[in-house]
Protein chains: 2
Amino acid sequence: MKNKEKHFNNRDVQDVIEIIGGRWRGAILASLCDKEKRFNELKRDLGSITPRTLIKELKYLEMNQLISRKVEDTKALSVIYSLTKHGKSLEPLIGTIVSWGQLHRKVILG
Amino acid sequence: MKNKEKHFNNRDVQDVIEIIGGRWRGAILASLCDKEKRFNELKRDLGSITPRTLIKELKYLEMNQLISRKVEDTKALSVIYSLTKHGKSLEPLIGTIVSWGQLHRKVILG
DNA sequence: AACACAACTATATTTTAGGATACTACTTTA
DNA sequence: TAAAGTAGTATCCTAAAATATAGTTGTGTT
């Protein structure tokens with residue numbers, strides 16, 4: 001193996017950042033790592049997100065096969081969002097993100 | 001330990017995404033994981049970034065103690081950007097990002 | 001002397017993300 | 001039967017991110 005190749009391809013990084021980036025996508029996924037949640041449950045957990053934004057991001061994540069949307073067969077409207085199997089493969093990455101964030105805070109503050 | 005707490009805090013994720021997120025920051029850091037680089041070298045490696053954007057992101061990353069800017073003591077102007085020690089602590093995270101990106105591509109493409 | 005390259009800076013413009021606010025259709029609860 | 005909750009939709013608007021394009025100061029190259 002010639003030593004010309006870099007370990008990391010910029011494009012790979014950009015692709016992933018597009019998927020989990022932005023103000024909400026990472027947080028939505030992290031919230032769903034905890035457990036599956038209903039629309040308003042997610043909304044409350046995320047705090048200040050508007051329904052317009054939340055639904056838009058949920059659709060994006062669904063399109064990318066990271067979460068699934070299931071309408072419960074009950075009289076009252078109830079929709080459950082959960083990580084797909086593929087979405088669950090993100091858990092270690094999110095874990096790494098969270099730990100680095102904690103390290104970073106220590107470095108910056110102290 | 002009561003089982004009320006979630007493993008991941010949404011806010012932690014959002015903080016890190018802010019630092020490595022956006023269209024270029026992650027790619028710049030990944031490029032510098034490879035080796036230290038000069039301004040135009042980075043610019044070429046990143047492809048379509050404009051100098052205005054590149055310098056803005058470099059300043060941001062420098063402010064956050066992830067990279068350092070060193071002016072070489074030569075007659076011709078030469079500036080070298082490299083990861084700081086703290087910046088290097090990002091390497092495992094970027095590695096995880098890249099591998100997940102490759103997995104994701106496989107899943108999406110079939 | 002003329003031109004190219006280095007590392008930027010300046011100005012103007014476009015694109016996009018996300019927020020504010022209000023509304024709908026349906027159901028459960030008080 | 002009125003209010004409150006569920007899961008969204010519809011419009012409008014703004015601030016931030018990024019691009020396009022051109023210019024600057026200095027050095028090295030032919």
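Every chain is numbered from 1, with letters handed out A, B, ... down the list of sequences.
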Worksheet item: A:E62 has an atom CD; how far is it from atom C1' of D:dA7, in whole Å?
Response: 14 Å

Response to the item:
Sorted by chain and number, sequence neighbours left out, side-chain hydrogen bond (donor to acceptor under 3.5 Å, both in side chains) with A:E18 holds for A:Y60

Worksheet item: Any chance the side chains of B:W24 and B:T53 put a donor and an acceptor closer than 3.5 Å?
Response: no

Fill in: Results of side-chain hydrogen bond (donor to acceptor under 3.5 Å, both in side chains) for A:E57 - residues two or more places apart only
A:R25

Please list every donor-acceptor pair under 3.5 Å in which a side-chain atom of residues 80-87 of chain B meets a protein atom from a residue at least two apart or in another chain.
| unit_1 | atom_1 | unit_2 | atom_2 | d |
| --- | --- | --- | --- | --- |
| B:Y81 | OH | B:R69 | NE | 3.4 |
| B:S82 | OG | B:S68 | OG | 3.4 |
| B:T84 | OG1 | B:Q65 | O | 2.7 |
| B:T84 | OG1 | B:L66 | O | 3.2 |
| B:T84 | OG1 | B:H86 | N | 3.3 |
| B:T84 | OG1 | B:G87 | N | 2.9 |
| B:H86 | NE2 | A:H104 | ND1 | 2.7 |

Discussion item. Distance under 4.0 Å to a non-hydrogen atom of chain B counts as contact; along DNA chain C, which nucleotides mark the start and end?
Written reply: C:dA6 to C:dA12

Worksheet, complete the sentence: A:R69 CZ to D:dA7 P, in whole Å, measures 10 Å

Item to complete: Under the salt bridge (Lys or Arg N to Asp or Glu O under 4.0 Å) rule, collect the residues that match up with A:R11, sequence neighbours excluded.
Response: A:D15

Pull out every protein N or O sitting under 3.5 Å from an N or O of nucleotides 18-28 of chain D, one pair per line with the distance.
| unit_1 | atom_1 | unit_2 | atom_2 | d |
| --- | --- | --- | --- | --- |
| D:dA18 | OP1 | B:R23 | N | 2.8 |
| D:dA18 | OP2 | B:E57 | OE2 | 3.1 |
| D:dT19 | OP1 | B:R23 | NH1 | 3.2 |
| D:dT19 | OP2 | B:W24 | NE1 | 3.4 |
| D:dT19 | O4 | B:R52 | NE | 3.2 |

Worksheet entry | Length of the line joining A:L42:CG and D:dT6:P, which is rounded to integer Å | 13 Å

Discussion item. Restricting to side-chain hydrogen bond (donor to acceptor under 3.5 Å, both in side chains), what partner residues turn up for B:S31, sequence neighbours left out?
Written reply: B:K37, B:D45

Practice prompt. Establish, with yes or no, whether the OP1 or OP2 oxygen of D:dA17 is under 4.0 angstrom from a side-chain nitrogen or oxygen of B:Y60.
Written response: no

Worksheet entry | salt bridge (Lys or Arg N to Asp or Glu O under 4.0 Å) against A:D12, all qualifying residues, sequence neighbours excluded | B:R105

Worksheet item: A:L46 has an atom CG; how far is it from atom P of D:dA7, in whole Å?
Response: 14 Å

Discussion item. Among residues at least two apart in sequence or on other chains, which ones pass side-chain hydrogen bond (donor to acceptor under 3.5 Å, both in side chains) with B:K35?
Written reply: B:E41

